[in-house]
Amino acid sequence: MNTEQYEVIIIGGSYSGLSAAMALGRSLRKTLVIDSGKPCNEQTPHSHNFLTHDGSSPAEISTIAKSQVEEYDTVKFYNGKAISTQKTDFGFEITTEKGEKFNSKKLIIATGIIDEVPNIKGFQESWGISLIHCPYCHGYEYKGKKTGIIANGDKAVHISSLVKNLTEDVTILTRGKANFTSEQLEKLKNNQIDIIETEISELKNENGYVKSLVFDDGKEIDFEAVYGAFPFKQHSEIPKDLGCDFTEMGHIKTDMFQKTNVPGLFVCGDNSSMMRSVSNAVMTGNVAGAIVNMELVTDCF
């Protein structure tokens, strides 16, 4: 069994985890990054709205980031999945799916979230390509295109207000009875946004790029892009097992320094923020790494 002790362990080695690791490496902290290599944006072809990397693939950004972090001798990487963690007198003990154990004084969890995409034909193949979640990340590439928005209620109104700035041809797809106030309906009408309540049976696509949506009543409508406001769950159960508090939406609660209610435990990235973007992940990871280093300094100075 591996009983090596680290000052910091980071669970999750994508943008936020690597950003935290860089801050810690530059502070000479003995750090271990545990990563299973399964990012949520694995099939997304391009990442946008991130300075210096606009249009790069997510894998390209991660590869460059990891290669830069590897230059810091005190940061090590473990390829595998952390399945459980418990508090110890030292700090935290992490167990991997292979049964290996690692210990650290501080813990940063940067495991992201999992989108619960509906089990509808064509959805999984298109998710992150032309079935998209964020106008800031992908909207410019579909400006002026015929666009559907799979959402209802307040969420649908919010997304449609952003998307309407990018294209005039917007349709809300509620997949059931529409849930809008009279004021919201008036706004949608004034902006020429149609509403279709019929359930979707298929998203026809070519290599993930949407061509049309087929509805339960047999009707088929051409679209070039579709936004989806789907629920999510945490990618890891470890924050819950450790006793973290969560928001009503399901994000892990933190203060402005990425601290959780559990002493010594920090989180960063998509697991704790509504602002789901590469830039925000990098920022929150950098903050987490800096504040963890500050706590370690305070402990011994």
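Keep in mind that this is a model prediction, so the values were computed, not measured.
Both Val69 and Val33 are part of a single hydrophobic cluster, where members link through side-chain heavy atoms under 4.5 Å apart. Both Ile196 and Phe123 belong to a single network of hydrophobic side chains, linked directly or stepwise wherever heavy atoms of I, L, V, M, F, W or Y lie under 4.5 Å apart. Note on Phe92 and Ile109: same hydrophobic cluster, where clusters join Ile, Leu, Val, Met, Phe, Trp and Tyr whose side-chain heavy atoms are under 4.5 Å apart, directly or indirectly. The hydrophobic cluster containing Phe77 does not contain Tyr15, counting ILVMFWY residues as joined when their side-chain heavy atoms lie under 4.5 angstrom apart, directly or transitively. Hydrophobic clustering, with ILVMFWY side chains joined whenever heavy atoms are under 4.5 angstrom apart, keeps Val214 apart from Ile120.
Here the side chain of Glu116 pairs no donor or acceptor atom with the backbone of Phe230 at under 3.5 angstrom. With hydrogens and angles disregarded, no donor-acceptor distance shorter than 3.5 Å links the side chain of Ser62 to the backbone of Ala59. Ser19 places a side-chain N or O within 3.5 Å of a backbone atom of Asn286 that can act as its donor or acceptor partner. The closest donor-acceptor contact from the side chain of Lys189 to the backbone of Ile193 lies at 3.5 Å or more, if one exists at all. Remark: the backbone N or O of Glu100 is paired with a side-chain donor or acceptor of Thr96 at under 3.5 angstrom. Using modelled atom types, one side-chain atom of Thr260 and one backbone atom of Leu265 make a donor-acceptor pair closer than 3.5 Å. Judged purely by atom type and a 3.5 angstrom limit, Ser279 has no side-chain atom pairing as donor or acceptor with the backbone of Ser277. Judged by distance alone, with hydrogens and angles left aside, the side-chain atoms of Thr247 form no donor-acceptor pair with the main-chain N or O of Lys253 at under 3.5 Å. The backbone N or O of Asp35 lies less than 3.5 Å from no partner atom in the side chain of Lys38, so there is not a single donor-acceptor pair. A donor-acceptor pair under 3.5 Å is formed between the side chain of His251 and the backbone N or O of Ser273.
Expressed to the nearest 0.5 Å, how far NZ of Lys164 lies from CD1 of Ile149 amounts to 10.0 Å. To the nearest 0.5 Å, the span separating CD on Glu71 from CE on Met22 amounts to 9.5 Å. Summarising the geometry, atom CD1 belonging to Ile9 is positioned 13.5 Å from atom NZ belonging to Lys106; distances are rounded to the nearest 0.5 Å. Rounding to the nearest 0.5 angstrom, the gap separating the CD1 atom in Ile94 from the CG atom in Leu32 is 8.5 Å. A distance of 9.5 Å separates CG of Leu213 from OG1 of Thr171, quoted to the nearest 0.5 Å. Considering SG of Cys134 and CE of Met275, their distance stands at 8.0 Å, rounded to 0.5 Å.
For Thr174 against Glu197, the heavy-atom pair with the smallest separation is OG1-CA, 3.2 Å. Between Phe102 and Tyr78, the shortest heavy-atom distance links the atoms CZ-CD1, 3.7 Å. Across all their heavy atoms, Ser130 and Val210 have their closest contact at OG-N, 2.7 Å. Residues Asn261 and Asp245 come closest through the heavy atom pair OD1-N, 2.8 Å. Contact detail for Leu24 and Gly289: the closest heavy-atom pair is CD2-O, 3.5 Å. Looking at every heavy atom in both residues, Lys30 comes nearest to Gln5 through NZ-O, 3.3 Å.
Around atom CG of Asn191, more than 12 heavy atoms belonging to other residues, nucleotides or ligands sit under 6.0 Å away. In Asp217, the CG atom is crowded: over 12 heavy atoms of neighbouring residues, nucleotides or ligands sit closer than 6.0 Å. Counting non-hydrogen atoms of other residues, nucleotides and ligands closer than 6.0 Å to NZ of Lys87 gives a total above 12. In the displayed structure, His46 atom NE2 is contacted under 6.0 Å by at most 12 heavy atoms of other residues, nucleotides or ligands. In Asn207, the CG atom is not crowded: 12 or fewer heavy atoms of neighbouring residues, nucleotides or ligands sit closer than 6.0 Å. In Arg175, the CZ atom is crowded: over 12 heavy atoms of neighbouring residues, nucleotides or ligands sit closer than 6.0 Å. Other residues, nucleotides and ligands place no more than 12 heavy atoms under 6.0 Å from the OH atom of Tyr140.
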Note to self: Using the rule given for side chain to side chain contact (heavy atoms under 4.5 Å, CB included), can you reason through Ile108 versus Cys268, listing the C-alpha separation, both sets of side-chain angles and the distance that settles it, and then say yes or no?
What the structure shows: CA-CA 7 Å; Ile108 299 175; Cys268 53; 3.8 Å; yes
Next item on the list: Could you walk me through whether Gln234 and Lys240 pass side chain to side chain contact (heavy atoms under 4.5 Å, CB included), step by step?
Entry: CA-CA 9 Å; Gln234 290 287 328; Lys240 180 181 177 181; over 6 Å; no
Next item on the list: Go through the steps for Asn293 and Arg26 under the test side chain to side chain contact (heavy atoms under 4.5 Å, CB included), then give the verdict.
Entry: CA-CA 10 Å; Asn293 178 64; Arg26 293 183 59 80; over 6 Å; no
Notebook entry, point to check: Phe180 and Lys187: side chain to side chain contact (heavy atoms under 4.5 Å, CB included), yes or no, with the steps?
Noted result: CA-CA 10 Å; Phe180 299 107; Lys187 280 188 176 182; over 6 Å; no
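Summarising the hydrophobic clusters (Ile, Leu, Val, Met, Phe, Trp, Tyr; side-chain heavy atoms under 4.5 Å, direct or chained), the residues clustered with Met249 are Met274. Taking Ile, Leu, Val, Met, Phe, Trp and Tyr as members and joining any whose side-chain heavy atoms lie under 4.5 Å apart, directly or through other members, the hydrophobic cluster of Tyr136 also contains Leu162.
Between Trp127 and His133, the closest side-chain pair of non-hydrogen atoms falls below 4.5 Å. With a 4.5 Å cut-off on side-chain heavy atoms, Thr254 and Thr284 do not count as touching. Side-chain contact between Asn280 and Arg276 is absent, with no heavy-atom pair separated by less than 4.5 Å. Looking at heavy atoms from C-beta onward, Val278 lies out of side-chain contact with His53 at the 4.5 angstrom threshold. For the pair Asp270/Phe232, no side-chain contact is recorded, criterion being any heavy-atom separation below 4.5 Å from C-beta on. Counting only heavy atoms from C-beta outward, the side chains of Ile195 and Leu185 approach each other to under 4.5 Å. Inter-residue side-chain proximity for Asn205 and Leu131 is flagged as unmet; no heavy-atom pair is nearer than 4.5 Å. Side-chain contact between Tyr72 and Leu28 is absent, with no heavy-atom pair separated by less than 4.5 Å.
Sequence neighbours left out, not one pair with a member in residues 200-228 passes ring pair (Phe, Tyr, Trp, His ring centres under 6.0 Å).
Neither side chain, Thr88 nor Glu93, offers a donor N or O lying under 3.5 Å from an acceptor on the other. Between the side chains of Thr147 and Tyr142, no donor-acceptor pair of N or O atoms lies under 3.5 Å. A donor-acceptor pair shorter than 3.5 Å cannot be found between the side chains of Asp241 and Gln86.
Between Lys81 and Glu97 there is no salt bridge, since no side-chain nitrogen of the basic residue lies less than 4.0 Å from a carboxylate oxygen of the acidic one.
Partner of Val267 under the side-chain contact (heavy atoms from CB on, under 4.5 Å) criterion, out of Ile252, Thr111, Leu107: Ile252 alone.
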